[in-house]
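As structure tokens, the structure follows; a few thoughts come after it.
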Amino acid sequence: MIRNGKRKLALTAIAGASVLALGLTACGTGGSGDDNADSDRALRVWAGSQTPIAVNYNPFAPTVLHGALGPIYEPLFFFNKTADSEPVGLIGDTFEYNEDGTAITITIKPDLKWSDGEPLTAEDVAFSFNYEANNPEGNGLVSAEATDDTTVVLTYSSAQYTTEFQRLGSTYILPEHIWADITDFANFTNEEPVGSGAYVVDKTTSESYTLVANENFRDADKLGVKKVQYIAVDNNQTAQDLLAAGKLDWTGMFIPNPDDVTGNGKIDWINTPQDPTVLYTCSNADLGCTGPQTDVAVRQALNVAIDRATIKDKAFVGLTGDISPTFALLPRDEKWVADPANEVSPQEANVAEAGEILEAAGYTKGSSGIYEKDGVPLELTLTSVDGWTDYNDAAKLIAEQAEAAGIKITASTVQWQEFSDARQGGEFQLIVGGVVGTSVADPFQIYRDWFGGTTVQSTSPVGTEVPAGRWNFSRYDNPVVDEAIQSAISTNDEAEKKELYGTIQTEIVRDLPYIPLVINATQTFYNTKDFTGWPTEEDLYAFPPSWGPIAAGYVLTQLQPVK
């Protein structure tokens, strides 16, 4: 959403046996046989963790445990990515732009405390915006100053209308009395986190971690769920078994036949496609990527060789949405698509076109039916996370479709940690993975975080991790895109911004550092018998999956046990 710089917003407050033996907190009340929840009963959650769980509650770490992001650490405001709506105040109360959009005056709620009982003041907010992990190179921050206990003024070198979510909705606020001494934030595991959110860490093991209510939370008296247990599950099937057995209350995962888990009378589900599923490509040979995918012609050929309609039906049982190569979410963001020809990625495979692209780039088809160049066959490796059955099925289909077009792809699965390390360091050719969809009705966030950099140096070379808060795993480096991103930050004019987005879209649709597949089927399963207050189709007040950063923490504060 675009806001007038003079406008002030007052915001509203707000079944594998090994897994079943994890010591999941028992249901029930006092031996009555009643299965309903009570205030002492843990809400059992799977948010994607696999065994063994490694203790890490650092919000800037790529391996951070999901419970840190929202339940423990919070930004100033909560933005609902499922709707074009006003943000909700968390720590923050109001914010106001100055005349030219270069300064944002923020007031926070009075009498706030950190979970250790120390006062949470505007000084902590100013410290957080100045902290290196929240303030990367090129961020444009000139100063962050507390003018009194509840007021902070953020001043930037240029207008910041388009980065409103980044500043106010995804900058984690830190306690200065803890983090001022943390100089190596990238390697800090933060085993005893102090935050502002509704929960604190009670216990962490290799199989689960438990959060309990923060007695110093601003709305502690309204918090219905007092205990949350996040469990480790190594694959979707085991999580599905736990749901069906009534041993899991909340998860976001893909289940082809939801009736398999809803028959127990506890579990309901909702599908909210929001996030792009893509092929990550390590695209930039100049920054150390190796393999045929560094050739744009190979990426273009693979893009038209993919039969997305078949992938949608067979891997995702028809639950996904059609993806735009512009990365605008349709229909929510359709006004930002500059060229109608780029509205939706091709749904059917075009083998002939794939061949024409490769042959124009100097490839010839060998006797095996696989294209080659300089005697080297066009062969690629494609990985996905072990146990992510929908992505694994999609990878197999892509390999089959690519081979029909003369491109050899070997699909394999890896554990989550190997997947995370590979994409962070750039040691891959192709990965089936997700892109974090935008939290406001505007694709800017994806353009900046996934495609952008301000200089070649800010686009991480292979072997160097992508900086915290950025997701350019493809190592894409395009000065035309970077310049348009920087210009878009400062404009409050919709026509000008659409023109800038058109420039970005022309470049990324041609270069395809991420090859679009579908808008992911985002299924969320939750226990409606024992807990109320979940997001529904009628009241989609938040993005509902358990793994959603920030949103999941907000959902937890809305839940109440059924008495």
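Remark: side-chain polar atoms of Q445 are paired, donor with acceptor, to backbone N or O of S439 under 3.5 angstrom. Although no hydrogens or angles enter the test, the distance criterion places a donor-acceptor pair under 3.5 Å between the side chain of T491 and the main chain of D493. For the pair N80 (side chain) and Y541 (backbone), a donor-acceptor distance under 3.5 Å is present. Put simply, the side chain of S49 never gets that close to the backbone of I53: no donor and acceptor are under 3.5 Å apart. The backbone N or O of A103 sits less than 3.5 Å from a side-chain atom of N98, completing a donor-acceptor pair. Put simply, the side chain of S546 gets close to the backbone of G252: a donor and an acceptor are under 3.5 Å apart. Within the 3.5 Å criterion, the main-chain N or O of G195 finds a donor-acceptor partner in the side chain of S115. Judged by distance alone, with hydrogens and angles left aside, the side-chain atoms of S490 form a donor-acceptor pair with the main-chain N or O of A159 at under 3.5 Å. Although no hydrogens or angles enter the test, the distance criterion places a donor-acceptor pair under 3.5 Å between the side chain of R332 and the main chain of V440. Listed for the N134 side chain is no donor-acceptor partner under 3.5 Å among the backbone atoms of T171.
Remark: aromatic rings of W179 and Y131 are close, center separation under 6.0 Å. The distance between the ring centers of F60 and F188 does not fall below 6.0 angstrom. You'll find the ring centres of W250 and W534 inside the 6.0 Å limit. Between F217 and Y199, the distance from one ring center to the other does not fall under 6.0 angstrom.
Nearest heavy atom pair, residue T204 against residue V55, reads CG2-CG2, 3.5 Å. The nearest pair of heavy atoms linking A232 to S206 is CB-O, 4.4 Å. Of all heavy-atom pairs between G92 and F77, the closest is C-CE2, 3.6 Å. The minimum heavy-atom distance linking W114 with I173 is given by the pair CH2-O, 3.6 Å.
D275 has a carboxylate O that lies under 4.0 Å from a charged side-chain N of K81, or vice versa, which qualifies the two as a salt bridge.
Side-chain contact of R44 with T210: a donor-acceptor pair under 3.5 Å is absent, judged by distance alone. A side-chain N or O of T94 and one of T107 form a donor-acceptor pair less than 3.5 Å apart. A donor and an acceptor atom, one from each side chain of Q240 and N236, are nowhere located under 3.5 Å apart. Side-chain polar atoms of D386 and Q415 form a donor-acceptor pair below 3.5 angstrom. In summary, the side chains of T536 and D539 do not present any donor paired with an acceptor at a separation below 3.5 Å, with no hydrogens or angles considered. No hydrogens or angles considered: nothing links the side chains of Y476 and T459 as a donor-acceptor pair under 3.5 Å. Side chains of T102 and D100: a donor-acceptor N/O pair is present below 3.5 angstrom, by distance only.
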Problem set entry | Candidate pair Y514 and F451, rule ring pair (Phe, Tyr, Trp, His ring centres under 6.0 Å), full reasoning | CA-CA 9 Å; Y514 307 95; F451 293 91; 5.2 Å; yes
Exercise. Do Y526 and F531 pass the ring pair (Phe, Tyr, Trp, His ring centres under 6.0 Å) test, and can you show the C-alpha distance, the side-chain angles, and the key distance before you say yes or no?
Worked result: CA-CA 8 Å; Y526 40 54; F531 300 93; over 10 Å; no
For this session: Determine, step by step, whether D482 and R448 satisfy the salt bridge (charged side-chain N to carboxylate O under 4.0 Å, His left out) criterion, reporting the C-alpha distance in whole Å, the side-chain angles of both residues, the deciding distance to 0.1 Å, and the verdict.
Result: CA-CA 8 Å; D482 293 344; R448 182 201 62 219; over 6 Å; no
Exercise. Is there a side-chain contact (heavy atoms from CB on, under 4.5 Å) between Y57 and I72 once you walk through the steps?
Worked result: CA-CA 9 Å; Y57 294 100; I72 295 174; 4.1 Å; yes
For this session: Mind running salt bridge (charged side-chain N to carboxylate O under 4.0 Å, His left out) on E74 and R218 for me, showing each step along the way?
Result: CA-CA 12 Å; E74 301 176 300; R218 59 189 173 270; 2.8 Å; yes
For this session: Please assess R41 against D249 for the test salt bridge (charged side-chain N to carboxylate O under 4.0 Å, His left out), listing each intermediate value before the final yes or no.
Result: CA-CA 11 Å; R41 198 275 233 189; D249 298 309; 2.3 Å; yes
Exercise. Run the side-chain contact (heavy atoms from CB on, under 4.5 Å) check on Y391 and V385 step by step: do they pass?
Worked result: CA-CA 8 Å; Y391 279 17; V385 176; over 6 Å; no
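Checked against side chain to side chain donor-acceptor pair (under 3.5 Å), R167 has the following partners two or more places apart in sequence or in another chain: N139, Q160, T163. Scored by the side chain to side chain contact (heavy atoms under 4.5 Å, CB included) test, A180 finds F127, E176 as partners (sequence neighbours excluded). Among residues two or more places apart in sequence or in another chain, the side chain to side chain contact (heavy atoms under 4.5 Å, CB included) test is passed with T272 by I270, T522, L540, F543, P544. By the ring pair (Phe, Tyr, Trp, His ring centres under 6.0 Å) test, Y501 pairs with W336, Y447, sequence neighbours left out. Qualifying ring pair (Phe, Tyr, Trp, His ring centres under 6.0 Å) partners for F129, counting only residues two or more places apart in sequence or in other chains: none. Listed by chain and number, the residues in a side chain to side chain donor-acceptor pair (under 3.5 Å) with D149 amount to none (sequence neighbours excluded). With sequence neighbours excluded, no residue satisfies side chain to side chain donor-acceptor pair (under 3.5 Å) with T528. Residues passing the side chain to side chain contact (heavy atoms under 4.5 Å, CB included) test with N130, sequence neighbours excluded: L141, A144. Partners of D124 under the salt bridge (charged side-chain N to carboxylate O under 4.0 Å, His left out) rule, at least two apart in sequence or in another chain, do not exist in this structure. Evaluation of the side chain to side chain contact (heavy atoms under 4.5 Å, CB included) rule for E132 yields F185 as partners, not counting sequence neighbours. For T524, the side chain to side chain donor-acceptor pair (under 3.5 Å) test picks out no residue, with sequence neighbours left out. Y73 meets the ring pair (Phe, Tyr, Trp, His ring centres under 6.0 Å) test with no other residue; sequence neighbours excluded.
Heavy atoms from other residues, nucleotides or ligands lying under 6.0 Å from CG of D148 number more than 12. Counting heavy atoms of neighbouring residues, nucleotides and ligands inside a 6.0 Å radius, atom CD of E118 exceeds 12 of them. Counting non-hydrogen atoms of other residues, nucleotides and ligands closer than 6.0 Å to CD of Q417 gives a total above 12.
The structure places CG of N216 at 8.0 Å from CG of D116, a figure rounded to the nearest 0.5 Å. With rounding to the nearest 0.5 angstrom, the CD atom of E418 is 13.5 Å from the CZ atom of R423. Taken from OG1 in T155 to CD in E145, the straight-line distance is 6.5 Å, to the nearest 0.5 Å.
Using cut-offs of 30° and 60° on the angle between ring planes, the pair F79 and F165 is perpendicular.
Residue W450 is tested with F444, F327, F473 for a ring pair (Phe, Tyr, Trp, His ring centres under 6.0 Å); the sole match is F473.
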